[in-house]
Structures are given as structure tokens and as C-alpha cells.
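Here's the structure we're looking at; comments come further down.
Every heavy atom of this structure was used, including side-chain atoms; hydrogens, water molecules and symmetry mates were not. Here is the naming used below: chain letters follow the sequence lines, and residue numbers restart at 1 for every chain. From a predicted model like this one, the values you see are computed outputs, not experimental measurements.
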Protein chains: 2
Amino acid sequence: MARAAKPRENKDKKARDLPTGIALLWGEQDQPARGPKPRLTPQRIAEAAVTLADAEGLESVSMNKVAAGFGVSAMALYRYVPGKAELVELMVEAVLAEPPDLSAAGSGWRPRLSAWAHCQWGVYQAHPWLLAATAMRRQIMGPHQLAWMDAALAALEPTGLTSGQRHQVFLLIAGQVRSLAQQLADFDEDHNREWGRLTSELLNRHSNRFPALTKAIADGAFTSTELDPLDFGLDRILDGVQVLIDRA
Amino acid sequence: MARAAKPRENKDKKARDLPTGIALLWGEQDQPARGPKPRLTPQRIAEAAVTLADAEGLESVSMNKVAAGFGVSAMALYRYVPGKAELVELMVEAVLAEPPDLSAAGSGWRPRLSAWAHCQWGVYQAHPWLLAATAMRRQIMGPHQLAWMDAALAALEPTGLTSGQRHQVFLLIAGQVRSLAQQLADFDEDHNREWGRLTSELLNRHSNRFPALTKAIADGAFTSTELDPLDFGLDRILDGVQVLIDRA
DNA sequence: ACTCAGCGCTTACGGTATATACAGTTGCGG
DNA sequence: CCGCAACTGTATATACCGTAAGCGCTGAGT
């Protein structure tokens with residue numbers, strides 16, 4: 001606990017202090033000089049945890065399994081990471097590379113924001129556990145997270161919107177990508193088909209209770225693939241933002 | 001396991017069958033005749049779990065605590081609920097009452113959809129753990145969930161959009177409410193202030209790395225309360241949908 | 001050469017979900 | 001009315017989980 005730098009009052013034993021977690025995320029760790037060489041680093045641990053999560057899902061990322069990957073005991077990890085929550089933060093940060101160069105996507109705010117959304121979408125697709133990981137509290141935000149945020153806000157600057165509005169638009173886009181990734185992560189291919197089968201059976205049984213839903217399923221609204229969910233949602237939102245811009 | 005109805009092949013011991021979970025959600029449980037009267041029901045258990053989650057958060061809902069509330073042992077719950085995942089499903093279903101009467105909100109698709117979103121928002125505010133609960137997989141959807149879905153789809157019918165488009169719009173709105181609730185749940189009042197303090201300190205240190213973000217914070221974009229996040233996002237999305245309707 | 005910070009390990013505790021076996025209770029069929 | 005079968009709740013046990021505490025070894029700075 002708080003073995004960093006100075007003695008520290010150490011008033012409340014529990015309650016990890018944010019500064020420690022932040023220092024971790026920002027890589028501001030001064031490496032020791034005295035003892036034996038550390039065999040691990042927080043970054044390497046996070047990396048291993050990421051490959052584990054990619055392969056088997058976040059729920060099977062445990063201190064034990066991660067440590068076993070290095071051939072060390074679980075407790076060894078605590079020399080590098082204060083706890084599991086911080087490890088997950090590091091995983092998130094590890095998976096977020098530098099944000100892409102949006103200026104390559106075009107000159108207007110709209111193509112840039114769209115590119116931003118697609119890139120973020122790609123990250124969620126590559127690492128589905130990111131959703132669960134960022135759903136857990138803390139949200140300290142490492143440099144990579146801030147960089148993504150900065151990129152989106154920068155793309156919005158030429159719109160002429162107020163900074164408050166730009167912030168809201170950012171939240172809107174980020175949330176849209178996130179929630180859509182979530183919805184699609186739940187419904188993988190054949191599970192979707194199975195769900196449709198069971199649901200339609202239920203709907204038949206409770207025939208007139210859900211008229212609109214029954215009709216939608218009969219129309220194939222749930223199985224149609226002609227509309228890309230991300231692009232559809234994005235187009236609607238950006239159209240709406242355009243309306244706001246035009247009104248100003 | 002699978003003590004229901006018929007002997008059942010029982011091929012794979014693990015892997016709860018969906019039908020059982022669905023029967024639970026839809027209340028299609030035939031009550032037994034032979035043994036002692038059951039002191040509990042799945043619904044009452046879910047109800048107790050809900051009040052526990054409301055009070056102390058979802059992470060402190062454990063079989064033990066819920067059972068203790070009834071003065072029974074943890075294992076007793078397994079007579080009524082196959083496992084914890086199913087219990088959470090029941091909690092979700094319990095918290096979703098019948099959807100509101102949207103026709104009271106006005107005659108157009110827009111006020112009705114807006115009313116739908118605000119009601120959903122209210123549910124998230126009343127039961128913040130819903131976010132975490134629905135983030136966990138399974139998504140079997142009980143009658144209440146389907147009813148909400150039906151209400152939103154019904155509101156969209158007079159738009160003249162295709163059923164596929166209506167479905168996408170529904171996903172868009174639902175996702176928006178959800179992700180916004182999430183974002184606001186993370187940032188409670190003073191935690192937000194603390195975050196701003198630490199982040200601005202970091203930004204000072206890495207002065208020129210995040211120019212747009214730095215400016216946004218300086219402008220107070222993150223602390224301003226003049227824009228209601230839900231209404232702002234909703235207005236943008238609905239404007240975008242209006243554009244789509246007008247184009248058709 | 002000595003010291004001691006830092007590393008990795010072992011052990012232990014309290015928590016979780018849940019499988020299994022058992023004892024008590026109830027109602028139906030004979 | 002009796003006994004069996006179904007059903008209840010409980011006790012016990014397993015296999016995890018995160019992590020607190022303390023021990024012995026390593027190896028660089030003095």
C-alpha cells in the first residue's frame with residue numbers, strides 16, 4: 001500500500017489512491033535500483049491479460065491465469081499492479097493505440113468524425129471484452145483514451161458549435177458506437193437465429209400482445225442485413241448534427 | 001438438473017437450456033402438488049434481489065445475501081432459480097414494468113418516441129445496476145422487455161419508414177439512452193469534480209499533446225449543465241430521423 | 001563486504017457459485 | 001389409513017476468486 005516515494009500518512013489502509021493508479025496508466029513509474037531485476041512490467045502483464053481476454057473473454061482473466069502465463073505465482077503480480085481493477089485499466093489503455101490520423105479521412109468534420117467512429121468500432125470488434133471492461137467503474141483515463149477524445153473533439157472544432165455542444169456531440173457518437181457494439185456482441189450469428197426462432201414461437205403464443213413487434217419480425221426487420229447498423233446510426237446522428245449547425 | 005417435466009436426455013450436464021430460462025421469465029411454471037408448500041417464488045426472490053441491488057449495488061447481490069433476506073440458506077434458492085444468471089434476468093424483468101402509454105404523449109411519432117426514451121431513462125435512473133445487469137450476456141428477453149420494444153416500434157409505424165429502418169432507429173434510440181445513462185452513472189457529482197482536477201493537472205503537464213481537449217476543459221464544456229445530455233442527444237437523433245423521413 | 005530494498009513464494013482468509021447427499025414435510029394412490 | 005413419491009430446505013464440499021501477511025533470496029549501493 002502506497003509504497004511509493006515518501007512515507008505517506010497512510011491514513012486509510014484501503015482505498016487505493018488515484019495518483020498511484022494514474023502514475024501506472026501514464027507510465028510514470030521510476031524503476032527501482034536496489035533489488036533483483038524485475039522480471040515483469042505492468043505493461044507486459046497487461047499485454048498478457050489482453051491476449052488472454054481476446055482468447056477466452058474477460059471473465060476468465062484472473063490473477064492466477066495471467067500469472068501462470070509467466071510461470072510465476074499470482075501474488076507476484078501485486079509487485080507491479082495494485083489490484084485487478086488497475087490491471088483492467090491497463091488492459092484498456094494497452095488496447096487503445098494512438099488514435100488514427102483523421103485528417104487522412106477528408107477535410108470536413110463529417111468524414112473525420114465518421115472515420116473516428118469506424119476506428120473505434122474496429123477496436124470494439126477486435127476486443128469485445130472492452131465493453132465489459134469499460135463498464136466497470138473507475139474511468140481514470142490514460143493517455144490513449146484522452147488522445148482518442150482529443151481527436152474527436154478536434155474534428156468537431158470547425159463546426160462552429162459551442163464547446164458544450166461539441167462535447168455533447170462527442171458523447172453522442174462515442175455512446176452510439178459503444179452501445180451498438182454491445183448489441184451486436186450479444187447477438188452472434190447462430191445465437192441470433194435461435195433467438196429469433198424461440199421469440200417468434202413465443203409471439204405466436206401471445207399473438208396479439210405485441211402487434212408491432214410481431215409485424216416487424218414477420219417483415220424480417222431483425223434478420224435483414226441490407227442496412228449496416230453502424231453506418232445507419234451514424235448517418236442519422238450526423239444528419240441531426242448538420243441540422244443543428246445549419247440552424248446556428 | 002433439468003428436473004423439469006420429462007426425464008430429458010440430459011446429454012450435456014452443463015449448459016442450461018434456454019427453454020427453462022424462458023419458462024421462468026414468462027412465468028410458465030406449473031406449481032408442484034406433492035411436497036411441502038414452497039415458501040418462495042422466483043418472482044419474490046427476484047424482488048428481494050432488486051431491493052438489495054437498489055440499496056447496495058449489483059455487485060453485492062449474492063445468493064447468500066438474497067437468501068439471508070428470507071432467512072433461508074443459499075442453496076434453497078436453487079430450488080426456484082437455476083443459477084445466478086437467470087436470477088439477474090428475472091431482476092431485469094421485474095424492474096421493467098409495463099411500458100407507459102405513449103399515446104398520452106402526443107399524436108406524432110416524435111413526441112411518442114421522445115416519451116419512450118424519457119421513460120426508459122427513468123428506469124435507468126431508478127435502478128442504476130440495470131446497466132451492469134444487461135451488460136452481462138444472455139438477453140433472453142421476457143415479456144416486459146418485449147413490451148417496451150413493441151411500444152417503441154409501434155410509435156415508429158406512422159413514419160413511413162421501412163421496417164428495417166424502423167428497427168435500426170429503435171436500436172439507435174435505445175442504445176443512446178443506455179449509453180448516456182452509463183456515462184452519467186460513472187460520473188457522479190463530486191467524483192466528476194475530482195476527475196476534472198486531476199485531468200487538468202495532467203493536461204498541464206502534457207501541455208500540447210491534447211490541444212482540443214485542453215481547450216474544451218478550459219471552456220468549461222465538461223462542467224456546464226446548461227445542456228441536458230438526454231434531450232440534446234435525443235433532439236439530434238430525432239432530427240436525423242426526420243431528415244430521413246423527408247427524403248423518402 | 002555488508003546492508004537492505006525489492007522480488008517471488010507460501011500460506012491463509014473470506015468471499016463467490018454451485019454440486020451432491022440427506023432429512024424433514026406433504027399429498028396422492030392404493 | 002398407509003406408504004410411497006415428490007418436494008422442501010439444509011449441511012457439506014469443491015473449486016474458484018482477490019488479496020493480506022510474512023519469509024527467504026538476490027544483488028546493487030554504500
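Although no hydrogens or angles enter the test, the distance criterion places a donor-acceptor pair under 3.5 Å between the side chain of A/Lys65 and the main chain of A/Ser60. In terms of modelled atom types and a separation under 3.5 Å, the side chain of B/Asp150 and the main chain of A/Ala212 share a donor-acceptor contact. Checked by atom type and distance alone, the side chain of A/His144 pairs as donor or acceptor with a backbone atom of A/Glu93 at under 3.5 Å. The backbone N or O of B/Ser179 lies less than 3.5 Å from no partner atom in the side chain of A/Arg178, so there is not a single donor-acceptor pair.
OP1 or OP2 of D/dG9 has at least one side-chain nitrogen or oxygen of B/Arg39 nearer than 4.0 Å. The side chain of A/Tyr78 contributes no N or O atom lying less than 4.0 Å from OP1 or OP2 of D/dA21.
Residue B/Pro32 has its side chain nearest to D/dC7 when only D/dG9, D/dC7, D/dT19 are considered. Closest to the side chain of A/Met75, out of D/dA21, C/dC7, D/dA6, is D/dA21.
Nucleotides of DNA chain C nearest to B/Val61 and B/Gly35 differ in position, and the one nearer the 5' end is that of B/Val61. Checking B/Leu77 against B/Ala33, the closest nucleotide of DNA chain D that is more toward the 5' end is the one next to B/Ala33.
Evaluation of atom-type donor-acceptor distances gives no pair under 3.5 Å for the side chain of A/Arg79 against the base of C/dG6.
As a whole-Å value, the separation of B/Lys37 NZ from C/dC28 C1' is 14 Å. Summarising the geometry, the separation between OH on A/Tyr80 and P on C/dG6 is reported as 12 Å, rounded to the nearest angstrom. Per the geometry, CG belonging to B/Leu87 stands 14 Å off C1' belonging to C/dT16, to the nearest Å. Rounded to a whole Å, the CD1 atom of A/Ile45 is 12 Å from the C1' atom of C/dC7. Here D/dA5 presents its C1' atom at 5 Å from CZ of B/Arg34, a figure rounded to the nearest Å. B/Leu40 places its CG atom 14 Å from the C1' atom of D/dT10, with the value rounded to the nearest Å.
Using bins of under 30°, 30° to 60° and over 60° for the plane-to-plane angle, the ring pair A/Trp116/A/Trp148 lands in the perpendicular bin. Classified by interplanar angle (parallel below 30°, tilted 30° to 60°, perpendicular above 60°), the ring pair B/Trp26/A/Phe210 is perpendicular.
When all heavy atoms are compared, the tightest approach of A/Ala126 to A/Asp54 is O-OD1, 3.9 Å.
Applying a 4.0 Å cut-off to non-hydrogen atoms, the residues of residues 62-74 of chain B that approach DNA chain C are B/Ser62, B/Met63, B/Asn64, listed by residue number.
Counting any heavy atom pair closer than 4.0 Å across all strands shown, B/Ala76 reaches a base atom.
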